[in-house]
Amino acid sequence: MMYKQGTYTVLANEPLTASVRRMRLGGDTQWISRPGQFVNIALAGRYLRRPISVCDYDAESLTLVYKVVGEGTAQMARMRAGERLDLLTGLGNGFSADNGARRPLLVGGGVGVPPLYNLAKVLLASGRPVQVVLGFNTAAEVFYAEEFRALGCSVTVATADGSEGVKGFVTDALAGLDFDYFYACGPLPMLRALSQATACDGQLSFEERMGCGFGACMGCSCKTLTGSKRICKEGPVMNKGEILW
């Protein structure tokens with residue numbers, strides 16, 4: 001894995017919901033090579049960097065969609081266009097679209113949704129139809145459904161309280177969907193339930209608190225068939241069949 005430290009300029013920082021924001025940064029993106037990778041952001045006065053998944057990127061900019069959950073992300077939310085950030089980019093093992101899947105399904109829960117956006121673009125560019133299931137607690141938390149539809153994806157929204165789309169969890173939205181492979185990102189209970197709900201193979205992107213973000217510590221490890229693996233280094237994306245629940 002290759003990663004690079006660099007300085008990036010805030011181009012935009014806008015709210016998507018009451019707690020979720022989208023930040024676009026200008027700078028060198030050559031070290032980002034596949035969907036599902038993440039960046040690690042240094043914030044003034046904070047000891048640890050903040051890992052945030054890359055939602056989308058092009059040759060000159062990258063987009064981060066993040067939830068304000070603590071002091072660090074609240075500090076990010078206050079940043080204005082023109083301010084600078086120190087990032088480590090190109091971190092993590094991302095999704096692989098190099099497989100025989102003909103009818104891929106993308107499943108995102110909450111802030112697990114963003115890294116699936118660039119993956120959808122990659123899969124669509126390869127000529128495969130893309131179905132997307134997005135899970136949230138309530139309608140007020142829904143974001144990026146229209147962005148996926150604008151790409152040409154078939155989108156199903158599930159909300160736990162039934163205020164939008166299918167009532168229930170993402171697994172309740174699988175009925176009637178025809179897919180032969182899945183990609184998923186979200187909280188651990190969602191990934192476990194999804195893996196148990198379908199016989200299809202797939203790739204799972206795990207959310208975890210990280211100390212270093214590039215494999216120097218073992219603070220974000222999980223158990224697999226071949227031993228412990230680091231979410232930040234061997235992950236965050238791993239194959240369904242290798243995970244020990």
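Source: prediction; values computed, not measured.
When atom types are taken as modelled, the side chain of D201 and the backbone of Y181 share no donor-acceptor pair closer than 3.5 angstrom. Looking only at distances, no side-chain donor or acceptor of Y57 sits under 3.5 Å from a matching main-chain atom of P35. Without hydrogens or angle criteria, K67 side chain to G110 main chain gives no donor-acceptor distance under 3.5 Å. Put simply, the side chain of Y144 never gets that close to the backbone of L116: no donor and acceptor are under 3.5 Å apart. Between the side chain of N239 and the backbone N or O of G241 there is no donor-acceptor pair closer than 3.5 Å. Side-chain atoms of Q75 do not come within 3.5 Å of backbone N or O of L43 as any donor-acceptor pair. A distance-only check finds a donor-acceptor pair linking the side chain of Q37 to the backbone of G92 [under 3.5 Å].
Defined by atom type and a distance below 3.5 Å, a donor-acceptor pair is present between the side-chain atoms of T9 and R84. Residues Q131 and R103 have side chains that never bring a donor and an acceptor to within less than 3.5 angstrom of each other. At a cut-off of 3.5 Å, with distance as the only test, no side-chain donor of T159 or T138 sits close to an acceptor on the other residue.
Clustering ILVMFWY residues whenever any of their side-chain heavy atoms sit less than 4.5 angstrom apart, transitively, puts L62 in the very cluster that holds M79. Connection of F169 to V155 is not established within any shared hydrophobic cluster, with ILVMFWY side chains joined at heavy-atom distances below 4.5 Å, either directly or through further cluster members.
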message: Working note: E14 + R24, criterion salt bridge (charged side-chain N to carboxylate O under 4.0 Å, His left out); need CA distance, chi angles, decisive distance, verdict.
response: CA-CA 9 Å; E14 59 189 348; R24 195 162 69 91; over 6 Å; no
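In summary, D180 and R102 do not engage in a salt bridge, as defined by a charged side-chain N under 4.0 Å from a carboxylate O. Of the charged side-chain nitrogens involved, at least one lies within less than 4.0 Å of a carboxylate oxygen, so that R22 and E147 count as a salt-bridged pair. Look at E146 and R149 and you find a salt bridge, because one of the NZ, NE, NH1 or NH2 atoms lies within 4.0 Å of a carboxylate O, short of that distance. Under the 4.0 Å criterion applied to side-chain N and carboxylate O atoms, K167 and D161 are not assigned as salt-bridge partners.
Here the straight-line distance linking atom CZ of R50 with atom CG of L64 works out to 14.5 Å at 0.5 Å rounding.
Counted within 6.0 Å of CZ on F143, heavy atoms from surrounding residues, nucleotides or ligands total more than 12; the atom is thus considered enclosed. More than 12 non-hydrogen atoms from other residues, nucleotides or ligands lie less than 6.0 angstrom from CD of Q30.
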